[in-house]
Number of protein chains: 2
Amino acid sequence: MQPRKIGIVGLGLIGGSLALALRRADPSLQIVGVDSVAHTRDLAVSERAVDAAYELGKAPLDECDLVVLAVPGPALIELLAPVSARMRKGAILTDVCGAKERICEAAALLTRVVFIGGHPMAGTEYRGFSAATPTLFFGCTVALCPGDESALGAVRDLWTAAGAATVLEVSPAEHDSAVTYASHLPYLAAAATVEAFRSSTPLAGQLAAGGFRDTTRLAGDGTVSGAASLNRFVPEAARALSQTLRALADQLEQDPLAALKRLESLADERRQMKLPSPSR
Amino acid sequence: MQPRKIGIVGLGLIGGSLALALRRADPSLQIVGVDSVAHTRDLAVSERAVDAAYELGKAPLDECDLVVLAVPGPALIELLAPVSARMRKGAILTDVCGAKERICEAAALLTRVVFIGGHPMAGTEYRGFSAATPTLFFGCTVALCPGDESALGAVRDLWTAAGAATVLEVSPAEHDSAVTYASHLPYLAAAATVEAFRSSTPLAGQLAAGGFRDTTRLAGDGTVSGAASLNRFVPEAARALSQTLRALADQLEQDPLAALKRLESLADERRQMKLPSPSR
(Lines give C-alpha, C1' and ligand atoms only; values in the text may rest on other atoms or scores of the structure.)
Protein backbone atom coordinates (compact mmCIF):
# COMPACT_ATOMS: atom_id res chain seq x y z
CA MET A 1 0.00 0.00 0.00
CA GLN A 2 1.28 3.41 -1.01
CA PRO A 3 -0.19 6.01 1.37
CA ARG A 4 -1.51 9.11 -0.35
CA LYS A 5 -2.11 11.07 2.81
CA ILE A 6 -0.20 10.74 6.03
CA GLY A 7 -0.32 12.37 9.43
CA ILE A 8 2.65 13.34 11.57
CA VAL A 9 1.88 13.98 15.24
CA GLY A 10 4.68 16.08 16.75
CA LEU A 11 6.54 18.45 14.41
CA GLY A 12 9.80 18.62 16.34
CA LEU A 13 13.25 17.56 15.19
CA ILE A 14 12.16 14.04 14.16
CA GLY A 15 8.61 14.69 12.97
CA GLY A 16 9.59 17.95 11.25
CA SER A 17 12.57 16.34 9.52
CA LEU A 18 10.42 13.43 8.39
CA ALA A 19 7.86 15.83 6.91
CA LEU A 20 10.57 17.79 5.07
CA ALA A 21 12.19 14.60 3.75
CA LEU A 22 8.93 13.04 2.56
CA ARG A 23 7.87 16.30 0.93
CA ARG A 24 11.04 16.24 -1.16
CA ALA A 25 10.81 12.53 -1.91
CA ASP A 26 7.22 12.73 -3.11
CA PRO A 27 5.79 16.21 -3.64
CA SER A 28 2.33 14.75 -4.30
CA LEU A 29 2.09 13.12 -0.86
CA GLN A 30 -0.35 14.98 1.38
CA ILE A 31 0.93 15.56 4.89
CA VAL A 32 -1.27 16.51 7.84
CA GLY A 33 0.76 17.96 10.69
CA VAL A 34 -0.27 17.89 14.34
CA ASP A 35 1.42 19.88 17.08
CA SER A 36 0.23 21.45 20.32
CA VAL A 37 2.32 24.61 19.77
CA ALA A 38 0.83 27.21 17.40
CA HIS A 39 4.22 28.67 16.46
CA THR A 40 5.47 25.22 15.43
CA ARG A 41 2.36 24.61 13.32
CA ASP A 42 2.84 27.99 11.60
CA LEU A 43 6.51 27.33 10.89
CA ALA A 44 5.84 23.88 9.44
CA VAL A 45 3.05 25.17 7.20
CA SER A 46 5.01 28.21 6.04
CA GLU A 47 7.90 25.95 4.95
CA ARG A 48 5.41 23.62 3.24
CA ALA A 49 6.72 20.74 5.37
CA VAL A 50 3.04 19.92 5.91
CA ASP A 51 -0.02 20.87 3.88
CA ALA A 52 -1.89 21.91 6.99
CA ALA A 53 -1.30 21.71 10.72
CA TYR A 54 -3.73 21.28 13.58
CA GLU A 55 -4.06 20.72 17.27
CA LEU A 56 -4.84 17.06 17.88
CA GLY A 57 -8.50 17.76 18.74
CA LYS A 58 -9.11 19.28 15.30
CA ALA A 59 -6.85 17.15 13.12
CA PRO A 60 -8.51 15.19 10.28
CA LEU A 61 -6.50 12.05 10.98
CA ASP A 62 -9.39 9.97 9.68
CA GLU A 63 -8.33 11.08 6.19
CA CYS A 64 -4.83 9.58 6.65
CA ASP A 65 -3.72 6.12 5.51
CA LEU A 66 -0.81 6.23 7.93
CA VAL A 67 0.01 8.28 11.02
CA VAL A 68 3.47 8.70 12.58
CA LEU A 69 3.66 9.49 16.30
CA ALA A 70 6.76 11.62 16.72
CA VAL A 71 6.65 12.86 20.30
CA PRO A 72 9.08 11.97 23.13
CA GLY A 73 8.79 8.66 24.99
CA PRO A 74 6.46 9.03 27.96
CA ALA A 75 4.06 11.45 26.19
CA LEU A 76 3.92 9.09 23.24
CA ILE A 77 2.31 6.32 25.31
CA GLU A 78 -0.40 8.75 26.44
CA LEU A 79 -1.18 9.70 22.83
CA LEU A 80 -1.66 6.18 21.46
CA ALA A 81 -5.33 5.96 22.41
CA PRO A 82 -6.50 9.53 21.54
CA VAL A 83 -4.64 9.50 18.22
CA SER A 84 -5.90 6.08 17.14
CA ALA A 85 -9.43 7.09 18.13
CA ARG A 86 -9.29 9.84 15.50
CA MET A 87 -7.97 7.52 12.78
CA ARG A 88 -9.80 5.50 10.15
CA LYS A 89 -10.38 1.88 11.13
CA GLY A 90 -7.60 -0.33 9.74
CA ALA A 91 -5.23 2.55 9.02
CA ILE A 92 -1.56 2.27 10.03
CA LEU A 93 -0.11 3.86 13.14
CA THR A 94 3.65 3.90 13.72
CA ASP A 95 6.03 5.71 16.08
CA VAL A 96 9.66 6.80 16.46
CA CYS A 97 10.34 6.12 20.15
CA GLY A 98 13.79 4.85 21.15
CA ALA A 99 12.28 2.23 23.48
CA LYS A 100 9.98 -0.38 21.95
CA GLU A 101 8.76 -2.89 24.53
CA ARG A 102 6.61 -0.50 26.56
CA ILE A 103 5.28 1.25 23.43
CA CYS A 104 4.43 -2.00 21.63
CA GLU A 105 2.79 -3.45 24.77
CA ALA A 106 0.57 -0.37 25.07
CA ALA A 107 -0.15 -0.33 21.33
CA ALA A 108 -1.19 -3.99 21.43
CA LEU A 109 -4.35 -2.82 23.21
CA LEU A 110 -5.39 -0.74 20.20
CA THR A 111 -8.05 -2.49 18.12
CA ARG A 112 -8.94 0.26 15.67
CA VAL A 113 -5.59 0.61 13.89
CA VAL A 114 -2.66 -1.54 12.80
CA PHE A 115 0.41 -0.57 14.83
CA ILE A 116 4.04 -0.94 13.74
CA GLY A 117 6.70 0.11 16.25
CA GLY A 118 9.60 2.04 14.71
CA HIS A 119 12.83 3.73 15.72
CA PRO A 120 15.02 5.75 13.34
CA MET A 121 18.63 5.87 14.59
CA ALA A 122 19.16 9.56 13.89
CA GLY A 123 19.08 12.80 15.82
CA THR A 124 21.07 15.83 16.81
CA GLU A 125 21.55 17.69 20.07
CA TYR A 126 19.13 20.35 18.83
CA ARG A 127 15.39 20.20 19.12
CA GLY A 128 12.13 21.47 17.74
CA PHE A 129 11.04 22.18 14.18
CA SER A 130 13.64 24.92 13.93
CA ALA A 131 16.31 22.18 14.05
CA ALA A 132 14.54 19.94 11.51
CA THR A 133 16.30 19.12 8.26
CA PRO A 134 15.23 17.05 5.23
CA THR A 135 18.56 15.16 5.32
CA LEU A 136 18.42 13.99 8.95
CA PHE A 137 17.70 10.37 8.02
CA PHE A 138 20.08 10.08 5.06
CA GLY A 139 22.00 6.83 5.42
CA CYS A 140 20.56 5.99 8.83
CA THR A 141 19.32 2.67 10.16
CA VAL A 142 15.68 2.26 11.18
CA ALA A 143 14.49 -0.53 13.46
CA LEU A 144 10.92 -1.77 12.92
CA CYS A 145 9.12 -4.26 15.13
CA PRO A 146 7.32 -7.25 13.58
CA GLY A 147 3.66 -6.78 12.70
CA ASP A 148 1.19 -6.97 9.84
CA GLU A 149 3.23 -7.57 6.67
CA SER A 150 1.49 -5.02 4.50
CA ALA A 151 1.66 -2.31 7.19
CA LEU A 152 5.32 -3.15 7.82
CA GLY A 153 6.02 -2.72 4.09
CA ALA A 154 4.32 0.70 4.07
CA VAL A 155 6.33 1.92 7.07
CA ARG A 156 9.52 0.52 5.57
CA ASP A 157 8.83 2.39 2.32
CA LEU A 158 8.22 5.59 4.28
CA TRP A 159 11.65 5.49 5.92
CA THR A 160 13.40 4.45 2.75
CA ALA A 161 11.80 7.44 1.01
CA ALA A 162 13.05 9.65 3.86
CA GLY A 163 16.62 8.49 3.18
CA ALA A 164 17.20 5.52 5.49
CA ALA A 165 19.88 3.14 4.20
CA THR A 166 18.91 0.12 6.30
CA VAL A 167 15.62 -1.02 7.77
CA LEU A 168 15.96 -3.86 10.29
CA GLU A 169 13.11 -5.97 11.65
CA VAL A 170 13.74 -6.68 15.33
CA SER A 171 11.63 -7.77 18.29
CA PRO A 172 10.93 -5.07 20.89
CA ALA A 173 13.05 -6.86 23.54
CA GLU A 174 16.00 -7.37 21.18
CA HIS A 175 15.74 -3.73 20.19
CA ASP A 176 15.64 -2.39 23.73
CA SER A 177 18.54 -4.54 24.88
CA ALA A 178 20.71 -3.48 21.92
CA VAL A 179 19.78 0.20 22.06
CA THR A 180 20.75 0.22 25.74
CA TYR A 181 24.39 -0.14 24.65
CA ALA A 182 24.16 1.73 21.34
CA SER A 183 22.37 4.79 22.70
CA HIS A 184 20.95 4.90 26.22
CA LEU A 185 24.16 4.12 28.15
CA PRO A 186 26.24 6.52 26.01
CA TYR A 187 23.55 9.11 26.71
CA LEU A 188 23.62 8.57 30.49
CA ALA A 189 27.44 8.59 30.50
CA ALA A 190 27.33 11.92 28.65
CA ALA A 191 24.72 13.37 31.00
CA ALA A 192 26.65 12.24 34.10
CA THR A 193 29.80 13.83 32.66
CA VAL A 194 27.93 17.12 32.25
CA GLU A 195 26.68 16.86 35.83
CA ALA A 196 30.24 16.17 37.06
CA PHE A 197 31.38 19.29 35.19
CA ARG A 198 29.44 21.32 37.77
CA SER A 199 32.16 20.42 40.32
CA SER A 200 34.82 22.06 38.16
CA THR A 201 36.36 25.54 38.14
CA PRO A 202 35.77 28.10 35.34
CA LEU A 203 39.20 27.10 33.98
CA ALA A 204 37.72 23.71 32.99
CA GLY A 205 35.37 25.54 30.65
CA GLN A 206 38.32 27.32 29.07
CA LEU A 207 40.22 24.05 28.63
CA ALA A 208 37.25 22.06 27.30
CA ALA A 209 37.91 21.17 23.66
CA GLY A 210 36.79 18.62 21.09
CA GLY A 211 37.01 15.66 23.48
CA PHE A 212 34.59 17.19 25.98
CA ARG A 213 32.38 18.50 23.18
CA ASP A 214 31.97 15.12 21.50
CA THR A 215 31.72 13.01 24.65
CA THR A 216 28.91 15.17 26.01
CA ARG A 217 27.09 16.11 22.79
CA LEU A 218 24.40 13.47 23.30
CA ALA A 219 23.63 14.89 26.77
CA GLY A 220 22.11 17.92 25.02
CA ASP A 221 19.57 15.73 23.24
CA GLY A 222 16.19 16.38 24.77
CA THR A 223 14.49 13.13 23.75
CA VAL A 224 16.82 10.20 24.53
CA SER A 225 16.04 10.54 28.23
CA GLY A 226 12.35 9.80 27.64
CA ALA A 227 13.16 6.62 25.74
CA ALA A 228 15.81 5.60 28.30
CA SER A 229 13.21 5.97 31.06
CA LEU A 230 10.96 3.48 29.24
CA ASN A 231 13.71 0.91 28.64
CA ARG A 232 13.73 -1.83 31.31
CA PHE A 233 17.33 -2.84 30.44
CA VAL A 234 18.78 0.59 31.26
CA PRO A 235 18.99 0.73 35.07
CA GLU A 236 20.92 -2.54 35.45
CA ALA A 237 23.24 -1.71 32.55
CA ALA A 238 23.85 1.78 33.97
CA ARG A 239 24.73 0.29 37.36
CA ALA A 240 27.19 -2.04 35.61
CA LEU A 241 28.68 0.97 33.79
CA SER A 242 28.96 2.78 37.12
CA GLN A 243 30.80 -0.26 38.52
CA THR A 244 33.17 -0.30 35.52
CA LEU A 245 34.00 3.37 36.09
CA ARG A 246 34.64 2.77 39.76
CA ALA A 247 36.86 -0.19 38.96
CA LEU A 248 38.82 1.92 36.46
CA ALA A 249 39.26 4.66 39.08
CA ASP A 250 40.51 2.19 41.69
CA GLN A 251 42.81 0.48 39.19
CA LEU A 252 44.34 3.81 38.10
CA GLU A 253 45.37 4.30 41.73
CA GLN A 254 46.34 0.77 42.69
CA ASP A 255 47.78 -0.65 39.49
CA PRO A 256 48.23 2.10 36.89
CA LEU A 257 50.08 -0.18 34.47
CA ALA A 258 47.18 -2.63 34.37
CA ALA A 259 44.74 0.28 33.99
CA LEU A 260 46.75 1.66 31.05
CA LYS A 261 46.83 -1.77 29.42
CA ARG A 262 43.06 -2.07 29.81
CA LEU A 263 42.50 1.45 28.41
CA GLU A 264 44.87 0.76 25.53
CA SER A 265 42.88 -2.31 24.55
CA LEU A 266 39.64 -0.29 24.73
CA ALA A 267 41.24 2.38 22.52
CA ASP A 268 42.14 -0.28 19.94
CA GLU A 269 38.63 -1.70 20.15
CA ARG A 270 37.06 1.72 19.58
CA ARG A 271 39.31 2.51 16.64
CA GLN A 272 38.34 -0.76 14.97
CA MET A 273 34.60 -0.12 15.21
CA LYS A 274 32.79 0.67 12.00
CA LEU A 275 30.47 3.59 12.72
CA PRO A 276 28.54 6.02 10.51
CA SER A 277 30.69 8.93 9.34
CA PRO A 278 30.09 12.34 11.00
CA SER A 279 28.36 13.71 7.88
CA ARG A 280 25.32 11.57 8.71
CA MET B 1 64.24 34.88 22.46
CA GLN B 2 63.32 33.58 19.03
CA PRO B 3 64.62 30.00 18.71
CA ARG B 4 66.42 29.27 15.43
CA LYS B 5 66.69 25.56 15.98
CA ILE B 6 64.30 23.42 17.96
CA GLY B 7 64.03 19.75 18.79
CA ILE B 8 60.87 17.69 18.93
CA VAL B 9 61.12 14.41 20.82
CA GLY B 10 58.31 12.11 19.72
CA LEU B 11 56.99 12.54 16.18
CA GLY B 12 53.50 11.16 16.74
CA LEU B 13 50.17 12.96 16.34
CA ILE B 14 51.13 15.89 18.58
CA GLY B 15 54.87 16.18 17.86
CA GLY B 16 54.40 15.51 14.16
CA SER B 17 51.59 18.05 13.88
CA LEU B 18 53.66 20.63 15.75
CA ALA B 19 56.59 20.08 13.36
CA LEU B 20 54.32 20.44 10.31
CA ALA B 21 52.68 23.58 11.72
CA LEU B 22 55.98 25.27 12.66
CA ARG B 23 57.50 24.39 9.30
CA ARG B 24 54.66 26.25 7.58
CA ALA B 25 54.74 29.17 10.00
CA ASP B 26 58.49 29.73 9.64
CA PRO B 27 60.21 27.83 6.84
CA SER B 28 63.62 29.03 8.08
CA LEU B 29 63.23 27.37 11.51
CA GLN B 30 65.44 24.31 11.82
CA ILE B 31 63.71 21.32 13.35
CA VAL B 32 65.52 18.30 14.76
CA GLY B 33 63.18 15.32 15.12
CA VAL B 34 63.67 12.48 17.58
CA ASP B 35 61.74 9.23 17.49
CA SER B 36 62.54 5.66 18.45
CA VAL B 37 60.79 4.22 15.38
CA ALA B 38 62.80 4.30 12.12
CA HIS B 39 59.69 4.33 9.92
CA THR B 40 58.36 7.40 11.75
CA ARG B 41 61.71 9.20 11.37
CA ASP B 42 61.73 8.41 7.64
CA LEU B 43 58.15 9.63 7.17
CA ALA B 44 58.78 12.89 9.01
CA VAL B 45 61.97 13.61 7.04
CA SER B 46 60.40 12.70 3.70
CA GLU B 47 57.56 15.18 4.34
CA ARG B 48 60.10 17.79 5.44
CA ALA B 49 58.29 18.07 8.78
CA VAL B 50 61.79 17.92 10.31
CA ASP B 51 65.17 18.69 8.76
CA ALA B 52 66.63 15.50 10.17
CA ALA B 53 65.48 12.78 12.55
CA TYR B 54 67.44 10.67 15.01
CA GLU B 55 67.17 8.15 17.78
CA LEU B 56 67.58 9.95 21.09
CA GLY B 57 71.11 8.59 21.62
CA LYS B 58 72.34 10.24 18.41
CA ALA B 59 70.26 13.43 18.37
CA PRO B 60 72.19 16.73 18.36
CA LEU B 61 69.88 18.32 20.92
CA ASP B 62 72.79 20.46 22.15
CA GLU B 63 72.32 22.53 18.98
CA CYS B 64 68.70 23.37 19.89
CA ASP B 65 67.51 26.50 21.69
CA LEU B 66 64.30 24.75 22.68
CA VAL B 67 63.18 21.13 22.88
CA VAL B 68 59.57 19.90 23.00
CA LEU B 69 58.91 16.55 24.69
CA ALA B 70 55.92 15.09 22.85
CA VAL B 71 55.60 11.52 24.10
CA PRO B 72 52.73 10.08 26.18
CA GLY B 73 52.51 10.72 29.92
CA PRO B 74 54.38 8.03 31.84
CA ALA B 75 57.18 7.70 29.23
CA LEU B 76 57.60 11.47 29.25
CA ILE B 77 58.69 11.50 32.90
CA GLU B 78 61.36 8.91 32.13
CA LEU B 79 62.72 11.04 29.29
CA LEU B 80 63.14 14.31 31.23
CA ALA B 81 66.63 13.47 32.53
CA PRO B 82 68.15 11.79 29.43
CA VAL B 83 66.79 14.49 27.10
CA SER B 84 67.95 17.40 29.24
CA ALA B 85 71.37 15.75 29.62
CA ARG B 86 71.82 16.04 25.84
CA MET B 87 70.74 19.71 25.75
CA ARG B 88 72.80 22.89 25.95
CA LYS B 89 72.97 24.40 29.46
CA GLY B 90 70.26 27.05 29.87
CA ALA B 91 68.25 25.94 26.84
CA ILE B 92 64.46 25.60 27.13
CA LEU B 93 62.67 22.29 27.62
CA THR B 94 58.89 22.08 27.38
CA ASP B 95 56.32 19.28 27.10
CA VAL B 96 52.77 18.53 25.97
CA CYS B 97 51.51 16.16 28.67
CA GLY B 98 47.86 16.44 29.75
CA ALA B 99 48.82 16.19 33.46
CA LYS B 100 51.11 18.86 34.83
CA GLU B 101 51.77 18.38 38.56
CA ARG B 102 53.75 15.16 38.29
CA ILE B 103 55.66 16.38 35.21
CA CYS B 104 56.53 19.76 36.73
CA GLU B 105 57.58 18.13 40.03
CA ALA B 106 59.94 15.80 38.17
CA ALA B 107 61.20 18.62 35.93
CA ALA B 108 61.96 20.80 38.98
CA LEU B 109 64.90 18.46 39.65
CA LEU B 110 66.52 19.39 36.33
CA THR B 111 69.32 21.92 36.79
CA ARG B 112 70.76 22.01 33.28
CA VAL B 113 67.73 23.39 31.41
CA VAL B 114 64.84 25.80 31.94
CA PHE B 115 61.58 23.83 32.00
CA ILE B 116 58.14 25.15 31.06
CA GLY B 117 55.22 22.74 31.42
CA GLY B 118 52.74 22.88 28.55
CA HIS B 119 49.51 21.27 27.39
CA PRO B 120 47.86 21.98 24.04
CA MET B 121 44.12 21.18 24.18
CA ALA B 122 43.95 19.43 20.83
CA GLY B 123 43.97 15.88 19.56
CA THR B 124 42.09 13.32 17.51
CA GLU B 125 41.28 9.67 18.05
CA TYR B 126 44.05 8.77 15.58
CA ARG B 127 47.69 8.39 16.43
CA GLY B 128 51.19 8.45 15.07
CA PHE B 129 52.85 10.66 12.49
CA SER B 130 50.51 9.28 9.84
CA ALA B 131 47.66 11.11 11.62
CA ALA B 132 49.62 14.38 12.03
CA THR B 133 48.30 17.53 10.39
CA PRO B 134 49.64 21.10 10.28
CA THR B 135 46.22 22.45 11.29
CA LEU B 136 45.74 20.38 14.47
CA PHE B 137 46.33 23.35 16.77
CA PHE B 138 44.37 25.97 14.82
CA GLY B 139 42.21 27.89 17.26
CA CYS B 140 43.07 25.69 20.24
CA THR B 141 43.86 26.67 23.81
CA VAL B 142 47.28 25.89 25.29
CA ALA B 143 47.92 25.83 29.04
CA LEU B 144 51.42 26.77 30.19
CA CYS B 145 52.70 26.52 33.76
CA PRO B 146 54.47 29.48 35.37
CA GLY B 147 58.25 29.61 35.00
CA ASP B 148 61.11 31.75 33.74
CA GLU B 149 59.48 34.72 31.94
CA SER B 150 61.71 34.67 28.89
CA ALA B 151 61.34 30.90 28.42
CA LEU B 152 57.59 31.20 28.93
CA GLY B 153 57.50 33.84 26.19
CA ALA B 154 59.40 31.59 23.79
CA VAL B 155 57.07 28.63 24.40
CA ARG B 156 54.04 30.90 24.09
CA ASP B 157 55.32 32.17 20.72
CA LEU B 158 55.88 28.60 19.57
CA TRP B 159 52.24 27.64 20.15
CA THR B 160 50.91 30.87 18.72
CA ALA B 161 52.97 30.21 15.59
CA ALA B 162 51.47 26.69 15.46
CA GLY B 163 47.96 28.20 15.40
CA ALA B 164 46.83 28.32 19.05
CA ALA B 165 44.21 31.02 19.68
CA THR B 166 44.64 31.24 23.45
CA VAL B 167 47.59 30.61 25.73
CA LEU B 168 46.67 30.48 29.43
CA GLU B 169 49.14 30.57 32.31
CA VAL B 170 47.94 28.21 35.05
CA SER B 171 49.49 26.48 38.02
CA PRO B 172 50.01 22.70 37.67
CA ALA B 173 47.40 21.96 40.37
CA GLU B 174 44.80 24.31 38.88
CA HIS B 175 45.46 22.74 35.49
CA ASP B 176 45.13 19.15 36.68
CA SER B 177 41.95 19.84 38.61
CA ALA B 178 40.32 21.59 35.63
CA VAL B 179 41.49 19.09 33.02
CA THR B 180 39.99 16.30 35.13
CA TYR B 181 36.53 17.62 34.19
CA ALA B 182 37.38 18.96 30.74
CA SER B 183 39.17 15.87 29.49
CA HIS B 184 40.06 12.98 31.80
CA LEU B 185 36.55 12.21 33.12
CA PRO B 186 34.98 12.47 29.65
CA TYR B 187 37.73 10.11 28.48
CA LEU B 188 37.05 7.55 31.23
CA ALA B 189 33.28 7.79 30.65
CA ALA B 190 33.90 7.10 26.95
CA ALA B 191 36.24 4.18 27.69
CA ALA B 192 33.79 2.65 30.19
CA THR B 193 31.00 2.97 27.60
CA VAL B 194 33.15 1.06 25.09
CA GLU B 195 33.84 -1.63 27.71
CA ALA B 196 30.09 -1.86 28.47
CA PHE B 197 29.45 -2.33 24.74
CA ARG B 198 31.14 -5.75 25.08
CA SER B 199 28.01 -6.94 26.93
CA SER B 200 25.81 -6.12 23.94
CA THR B 201 24.53 -8.19 21.02
CA PRO B 202 25.70 -7.71 17.40
CA LEU B 203 22.45 -5.79 16.83
CA ALA B 204 23.81 -2.98 19.04
CA GLY B 205 26.62 -2.50 16.52
CA GLN B 206 24.05 -2.21 13.73
CA LEU B 207 22.02 0.33 15.71
CA ALA B 208 25.02 2.42 16.85
CA ALA B 209 24.84 5.83 15.17
CA GLY B 210 26.15 9.34 15.71
CA GLY B 211 25.37 9.38 19.43
CA PHE B 212 27.50 6.33 20.16
CA ARG B 213 30.20 7.49 17.74
CA ASP B 214 30.61 10.90 19.37
CA THR B 215 30.24 9.79 22.99
CA THR B 216 32.96 7.17 22.58
CA ARG B 217 35.31 8.94 20.13
CA LEU B 218 37.69 10.02 22.87
CA ALA B 219 38.03 6.41 24.04
CA GLY B 220 40.02 5.74 20.87
CA ASP B 221 42.62 8.33 21.82
CA GLY B 222 45.79 6.50 22.75
CA THR B 223 47.39 9.22 24.89
CA VAL B 224 44.76 10.64 27.28
CA SER B 225 45.01 7.51 29.42
CA GLY B 226 48.67 8.19 30.19
CA ALA B 227 47.93 11.73 31.33
CA ALA B 228 44.89 10.59 33.31
CA SER B 229 47.06 8.03 35.13
CA LEU B 230 49.37 10.86 36.27
CA ASN B 231 46.55 13.14 37.44
CA ARG B 232 45.96 12.83 41.21
CA PHE B 233 42.46 14.38 40.92
CA VAL B 234 41.17 11.68 38.57
CA PRO B 235 40.41 8.67 40.81
CA GLU B 236 38.21 10.59 43.26
CA ALA B 237 36.41 12.45 40.47
CA ALA B 238 35.85 9.19 38.59
CA ARG B 239 34.37 7.58 41.71
CA ALA B 240 32.04 10.59 42.05
CA LEU B 241 31.06 10.19 38.38
CA SER B 242 30.41 6.49 39.03
CA GLN B 243 28.19 7.46 41.95
CA THR B 244 26.29 9.97 39.77
CA LEU B 245 25.64 7.27 37.17
CA ARG B 246 24.42 4.86 39.81
CA ALA B 247 22.13 7.51 41.28
CA LEU B 248 20.72 8.23 37.81
CA ALA B 249 20.10 4.52 37.26
CA ASP B 250 18.30 4.18 40.61
CA GLN B 251 16.29 7.34 40.02
CA LEU B 252 15.17 6.17 36.57
CA GLU B 253 13.65 3.13 38.29
CA GLN B 254 12.29 4.68 41.47
CA ASP B 255 11.25 8.16 40.38
CA PRO B 256 11.36 8.44 36.58
CA LEU B 257 9.74 11.89 36.55
CA ALA B 258 12.46 13.33 38.81
CA ALA B 259 15.11 11.60 36.68
CA LEU B 260 13.67 13.12 33.51
CA LYS B 261 13.60 16.57 35.10
CA ARG B 262 17.24 16.19 36.13
CA LEU B 263 18.23 14.99 32.65
CA GLU B 264 16.27 17.82 31.04
CA SER B 265 18.17 20.38 33.09
CA LEU B 266 21.48 18.71 32.12
CA ALA B 267 20.41 18.84 28.46
CA ASP B 268 19.71 22.58 28.77
CA GLU B 269 23.05 23.07 30.51
CA ARG B 270 24.92 21.24 27.75
CA ARG B 271 23.20 23.15 24.97
CA GLN B 272 24.17 26.44 26.60
CA MET B 273 27.88 25.60 26.82
CA LYS B 274 30.19 27.44 24.47
CA LEU B 275 32.58 24.86 23.01
CA PRO B 276 34.97 24.90 20.06
CA SER B 277 33.23 24.09 16.79
CA PRO B 278 33.79 20.61 15.28
CA SER B 279 36.05 22.00 12.54
CA ARG B 280 38.81 22.48 15.09
Side-chain angles (χ1 to χ4, degrees), chain A residues 121 141 143 168 170 174 178-179 181-183 185-186 188-197 200-201 203-204 206-220 222 225 229 234-235 238-239 241-242 244-246 248-249 252-253 256 259-260 263 266-267 269-271 275-276 280, chain B residues 121-122 141 168 170 174 178-179 181-183 185-186 188-197 200-201 203-204 206-220 222 225 229 234-235 238-239 241-242 244-246 248-249 252-253 256 259-260 263 266-267 269-271 275-276 280:
Chain A
M121 302 302 301
T141 296
L168 299 173
V170 293
E174 267 184 298
V179 95
Y181 296 96
S183 171
L185 277 194
L188 290 176
T193 303
V194 170
E195 193 167 285
F197 199 73
S200 68
T201 57
L203 180 62
Q206 295 178 275
L207 296 183
F212 182 87
R213 175 194 67 225
D214 289 353
T215 308
T216 60
R217 183 182 68 77
L218 196 53
S225 55
S229 76
V234 162
R239 282 189 286 264
L241 180 65
S242 156
T244 297
L245 253 176
R246 191 187 174 89
L248 270 170
L252 274 168
E253 260 176 355
L260 287 176
L263 291 167
L266 290 169
E269 213 164 303
R270 173 57 177 77
R271 279 194 295 266
L275 295 165
R280 279 179 198 165
Chain B
M121 303 302 301
T141 295
L168 299 173
V170 293
E174 268 184 296
V179 93
Y181 297 96
S183 171
L185 277 195
L188 290 176
T193 303
V194 169
E195 193 167 285
F197 199 73
S200 67
T201 56
L203 179 63
Q206 295 178 274
L207 296 183
F212 182 87
R213 176 194 66 225
D214 289 353
T215 308
T216 59
R217 184 183 66 78
L218 196 54
S225 55
S229 76
V234 162
R239 281 188 287 265
L241 180 65
S242 156
T244 297
L245 253 175
R246 192 186 175 89
L248 271 170
L252 275 167
E253 258 175 357
L260 287 176
L263 291 166
L266 290 168
E269 213 163 304
R270 173 56 178 79
R271 278 193 295 265
L275 294 166
R280 279 178 199 167

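Each chain gets a letter, A, B and so on, in the order the sequences are listed, and its residues count up from 1.
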Student: Do you know the tightest heavy-atom contact between B:L263 and A:A191?
Tutor: CD2-CB, 3.7 Å

Student: For chain A, find which of B:A122, B:P256, B:A238, B:A208 contributes the most heavy-atom pairs closer than 4.5 angstrom.
Tutor: B:A208

Student: In Å and rounded to the nearest 0.5 Å, what is the CG to CZ distance from A:D214 to B:R217?
Tutor: 4.0 Å

Student: With sequence neighbours excluded, tell me which residues meet salt bridge (charged side-chain N to carboxylate O under 4.0 Å, His left out) with A:E269.
Tutor: B:R198

Student: Taking all atoms of both residues into account, what is the closest heavy-atom pair of A:T193 and B:P186, and its distance?
Tutor: CG2-CG, 3.8 Å

Student: Nearest heavy-atom pair of A:A204 and B:Y181: which atoms, and what distance?
Tutor: CB-CB, 4.4 Å

Student: Sub-3.5 Å donor-acceptor pair from the side chain of A:R270 to the main-chain atoms of B:R213, do we have one?
Tutor: yes

Student: Rounded to the nearest 0.5 Å, what separation is found between the CG atom of B:L168 and the CG atom of A:L207?
Tutor: 6.0 Å

Student: State the CZ-CD distance between A:R239 and B:E253, to the nearest 0.5 angstrom.
Tutor: 4.0 Å

Student: Report which part of A:V234 has an atom under 4.5 Å of a heavy atom belonging to chain B: side chain, backbone, both, or neither.
Tutor: side chain

Student: If I measure from the heavy atoms of chain B, does A:A196 come under 4.5 Å with its side chain, its backbone, both, or neither?
Tutor: both

Student: About how many Å separate CG of A:L188 and CG of B:L245, when rounded to the nearest 0.5 Å?
Tutor: 6.5 Å

Student: Given that the side chain runs from C-beta out, which part of A:L266 has a heavy atom under 4.5 Å from chain B: side chain, backbone, both or neither?
Tutor: both

Student: What is the distance from atom CZ of B:R271 to atom OG1 of A:T216, rounded to the nearest 0.5 Å?
Tutor: 12.5 Å

Student: Looking at A:L203, A:L218, A:T141, which makes the most heavy-atom pairs under 4.5 Å with chain B?
Tutor: A:L203

Student: Side chain, backbone, both or neither: which part of A:T201 has a non-hydrogen atom closer than 4.5 Å to chain B?
Tutor: side chain

Student: I need the residue from B:A249, B:A259, B:G222 with the largest number of non-hydrogen atom pairs under 4.5 Å to chain A.
Tutor: B:A249

Student: Taking all heavy atoms of A:A209 and all of B:P276, pick out the closest pair and write down the distance.
Tutor: CA-CG, 3.8 Å

